[in-house]
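Before any comments, here is the structure.
Heavy-atom basis, side chains included; hydrogens, waters and symmetry copies ignored.
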Amino acid sequence: PQQQAVPAALILAEGTSVSVSALADAVWSGSTPATAVGTIRTHVYRRRRALQPACTSASSAIRSWGYSYSLAITVQTCHLKAFRSLMSKAERARREGCVRCRPPSAPRAGTVARRGTAGPRRPQVDAHRHVLEHLRLQAQTDRLAAELELGSTTAAAVDLQQLVARHSLDERLRNLLMLTLYRSGR
C-alpha cells in the first residue's frame with residue numbers, strides 16, 4: 001500500500017509538485033513516523049528504477065524539486081490529460097456549430113474512469129475517483145446529445161434509459177431521454 005500511495009499521489013497531482021510532507025500524509029494518513037522522509041525517498045527511488053531502469057534522476061519521469069517531487073506527464077503520456085483535451089476540443093467544436101464533431105466516445109471515457117477508480121482507498125484518492133466518474137458521465141451525456149442531434153434516436157434511447165436508471169436525479173439525462181423518446185415517437 002505504501003508503494004502504491006506515493007505514485008498515486010504524484011499521478012493525482014497531474015504534474016504539479018507534491019511536497020514530501022504531503023506524500024507522507026498520503027502514505028500514512030496523518031500518523032507520520034520519524035522515518036517518513038527516508039521512506040518516501042526510497043519509494044521514489046524504487047519507482048524511478050521500475051519506470052526507467054537505465055535513467056538518471058535528472059531524466060526520470062519522477063522529478064525532484066527540493067523537498068518535493070513531480071511526475072513528468074503530458075497529453076501523450078496521461079490518459080486523463082488526453083481525455084480532457086478531447087473533451088475540450090469537442091466542446092469548442094460544438095460551440096462553433098460542428099454537429100459532426102463528436103465528444104470522446106463512452107468506451108474511451110470508461111477507460112479513463114476505470115483506470116482512475118482502481119487503486120488504494122484513501123481520502124485523497126476517493127475525491128479524485130468522484131471527479132473521474134463525473135467526467136465519464138459528462139462524456140457519455142455529451143456523446144448521447146450529439147447522437148440525438150444527428151438523428152440516432154434508437155441507440156441513444158437505450159443508453160439513456162440505462163444512465164437514467166443509474167443516475168435518476170440527473171436532470172440533463174432525464175431531459176435527453178424525454179427528447180429522445182419524443183423524437184422516436186414513443
Side-chain angles (χ1 to χ4, degrees), residues 1 4-18 22-23 25-26 29-30 61 70-186:
Q4 292 176 348
V6 170
L10 292 173
I11 289 168
L12 294 175
E14 297 184 41
T16 60
S17 63
V18 181
L23 288 172
D25 284 342
S29 299
S70 69
L71 192 60
I73 57 175
T74 64
V75 172
Q76 291 78 23
T77 61
C78 177
H79 290 279
L80 180 58
K81 280 193 176 283
F83 179 71
R84 284 185 174 152
S85 173
L86 288 171
M87 289 290 292
S88 177
K89 286 177 187 175
E91 177 59 24
R92 268 193 311 275
R94 187 194 61 75
R95 273 185 280 145
E96 292 169 2
C98 181
V99 177
R100 297 236 179 256
C101 302
R102 294 175 29 175
S105 66
R108 188 163 189 178
T111 301
V112 172
R114 277 191 300 280
R115 287 184 180 161
T117 57
R121 291 282 175 194
R122 300 192 183 277
Q124 300 92 336
V125 177
D126 288 341
H128 287 279
R129 273 189 188 93
H130 178 71
V131 169
L132 291 173
E133 289 164 1
H134 176 73
L135 282 173
R136 179 175 185 246
L137 180 61
Q138 179 183 347
Q140 288 176 312
T141 306
D142 290 349
R143 179 185 56 84
L144 291 167
E147 284 183 11
L148 186 59
E149 286 181 46
L150 293 171
S152 180
T153 56
T154 307
V158 173
D159 289 344
L160 280 166
Q161 287 171 340
Q162 292 172 351
L163 284 173
V164 167
R166 282 191 309 235
H167 306 279
S168 59
L169 299 177
D170 191 309
E171 292 179 12
R172 183 172 180 215
L173 286 174
R174 285 195 173 274
N175 185 18
L176 282 173
L177 178 59
M178 287 187 289
L179 185 59
T180 301
L181 293 174
Y182 173 76
R183 287 187 180 171
S184 63
R186 293 195 239 169

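- Here CD of Gln162 is found 12.0 Å from CG of Leu173. Values are rounded to the nearest 0.5 Å.
- Evaluation of the salt bridge (Lys or Arg N to Asp or Glu O under 4.0 Å) test over residues 160-170, restricted to residues two or more places apart or in two chains, returns none.
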Steps toward salt bridge (Lys or Arg N to Asp or Glu O under 4.0 Å) verdict (Arg143, Glu147)
CA-CA 6 Å; Arg143 179 185 56 84; Glu147 284 183 11; 2.7 Å; yes
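- With sequence neighbours left out, Arg84 forms a salt bridge (charged side-chain N to carboxylate O under 4.0 Å, His left out) with Glu14.
- Taken from OG1 in Thr154 to CG in Asp159, the straight-line distance is 11.5 Å, to the nearest 0.5 Å.
- In this structure Ser17 satisfies the side-chain contact (heavy atoms from CB on, under 4.5 Å) test together with Trp65, Ser68, Ser70, sequence neighbours excluded.
- In this structure, the side chains of Leu71 and Val18 stay at 4.5 Å or more apart for every pair of heavy atoms.
- Listed by chain and residue number, nothing satisfies the salt bridge (charged side-chain N to carboxylate O under 4.0 Å, His left out) test with Arg92 (two or more places apart in sequence, or in another chain).
- Going from atom CZ of Arg172 over to atom CG of Leu160 covers 10.0 Å, rounded to the nearest 0.5 Å.
- Contact of the Leu163 side chain with the Leu144 side chain is registered, since non-hydrogen atoms from C-beta on lie closer than 4.5 Å.
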Validation: residues 174-181 side-chain donor-acceptor distances under 3.5 Å, sequence neighbours left out:
from: Arg174; atom 1: NE; to: Ser168; atom 2: O; distance (Å): 2.8
from: Arg174; atom 1: NH2; to: Ser168; atom 2: O; distance (Å): 3.4
from: Thr180; atom 1: OG1; to: Leu176; atom 2: O; distance (Å): 2.7

